[in-house]
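Inspection log for the structure reproduced underneath, given as structure tokens.
Every heavy atom of this structure was used, including side-chain atoms; hydrogens, water molecules and symmetry mates were not. Keep in mind the model is a prediction, meaning the values are calculated, not measured.
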Amino acid sequence: MNNTSIEYDNVIKNARNLFINKMKDYGTSWRIMRLPSLTDQIFIKANRIRSIQESGVNLVGDDIKEEFIAMLNYGIIALIQCELGTESTEEIENGLAEKLYDKYAGQTKELMMKKNHDYGEAWRDMRISSMTDVILMKIKRLKQIEDNQGKTVVSEGVEGSYSDIINYSIFCLIQLEEGKE
């Protein structure tokens with residue numbers, strides 16, 4: 001299976017470094033965000049990527065890789081918020097935030113490895129634009145679940161959608177590193 005595990009770890013390492021450096025600047029100010037706000041932050045990033053993919057024009061100039069990293073990190077933040085809750089807006093120590101980041105990065109990788117095995121690395125043959133659409137679909141699902149106060153009939157909860165968004169963001173970053181568009 002190619003070098004998926006190593007490539008995945010490299011992407012997480014870079015995203016984690018950005019997460020840590022942003023904590024040096026802002027602390028854990030993201031603790032104030034409720035899940036719908038995090039979902040909307042991910043939406044903004046995915047929508048920008050799709051807009052650039054469709055128009056071919058990037059007026060802001062920021063690389064879309066940064067947007068995929070942001071979606072990955074917001075996804076992990078959302079998983080942390082699922083665990084800690086959003087009732088308290090108190091910041092947490094950076095060390096605890098790093099530990100929780102690693103916990104959810106590890107759990108998400110474990111899920112990816114299982115799915116990657118079962119699906120035969122199908123993502124490698126997907127277009128980045130298709131994976132962007134899958135992320136946007138996951139966001140629509142999240143919004144519907146949030147509108148239903150977290151209740152689902154047969155579907156997985158929000159954690160599964162956030163994990164899938166993280167994994168698709170990582171797949172896109174791996175493909176971008178390989179020079180795919």
Any side-chain heavy-atom pair of [X] and [Y] under 4.5 Å:
X    : Y    : value
I44  : E67  : no
I12  : L72  : yes
L79  : Q107 : no
Q81  : L38  : yes
Y168 : M71  : no
W123 : T4   : yes
V134 : M126 : yes
V11  : F68  : no

With a 6.0 Å cut-off (strictly less than), is the heavy-atom count around [atom1] of [X], excluding the residue itself, greater than 12?
X    : atom1 : value
I32  : CD1   : no
K99  : NZ    : no
E110 : CD    : no
E90  : CD    : no

Handout entry: Evaluation steps, side chain to side chain contact (heavy atoms under 4.5 Å, CB included), between R124 and I174
Key = CA-CA 9 Å; R124 289 196 181 269; I174 290 170; 4.2 Å; yes

[X] [atom1] to [Y] [atom2] distance, which is reported to the nearest 0.5 Å:
X    : Y    : atom1 : atom2 : value
D9   : N3   : CG    : CG    : 11.0 Å
N10  : I170 : CG    : CD1   : 11.0 Å
I77  : F19  : CD1   : CZ    : 5.0 Å
M131 : Q175 : CE    : CD    : 3.5 Å
I76  : T108 : CD1   : OG1   : 6.0 Å
D147 : L142 : CG    : CG    : 10.5 Å

Problem - R31 vs I80, side chain to side chain contact (heavy atoms under 4.5 Å, CB included): CA-CA, chis, key distance, verdict - result: CA-CA 9 Å; R31 282 286 294 134; I80 293 170; 5.6 Å; no

Exercise for the section: Group every Ile, Leu, Val, Met, Phe, Trp and Tyr by side-chain heavy-atom contacts under 4.5 Å, then state whether L18 and I49 land in the same group. Expected result: yes

Problem - Same apolar cluster: L96 and Y104, side chain cutoff 4.5 Å - result: yes

Looking at [X] and [Y], what are the two nearest heavy atoms and their distance?
X    : Y    : answer
I139 : A46  : CD1-CB, 4.0 Å
R48  : G61  : NH2-N, 4.1 Å
K109 : S5   : NZ-OG, 2.7 Å
S163 : L111 : CB-CD2, 3.8 Å
C82  : V158 : SG-CG2, 3.9 Å
L35  : A78  : CD2-O, 3.6 Å

Handout entry: Chi angles and distances behind the side chain to side chain contact (heavy atoms under 4.5 Å, CB included) call for I42, Y162
Key = CA-CA 10 Å; I42 296 168; Y162 287 125; 4.0 Å; yes

Practice task
Walk me through it: do Q53 and R127 pass the test side chain to side chain contact (heavy atoms under 4.5 Å, CB included)?
Solution key: CA-CA 11 Å; Q53 288 170 337; R127 296 172 184 95; over 6 Å; no

Handout entry: SB check K45 E66 (cutoff 4.0 Å)
Key = no

Handout entry: Polar side-chain atom of T132 near backbone of R50 as donor-acceptor pair, under 3.5 Å
Key = no

Exercise for the section: Answer yes or no: is there a donor N or O on one side and an acceptor on the other, between the side chain of N73 and the main chain of A15, under 3.5 Å? Expected result: yes

Exercise for the section: Starting from the C-alpha separation in whole Å, work towards a yes-or-no answer on salt bridge (Lys or Arg N to Asp or Glu O under 4.0 Å) for R16 and E98. Expected result: CA-CA 8 Å; R16 185 181 188 278; E98 289 177 39; 3.5 Å; yes

Fill in the blank from the handout: Exactly one of K138, K140, E146 clears side chain to side chain donor-acceptor pair (under 3.5 Å) with T39, and that residue is E146

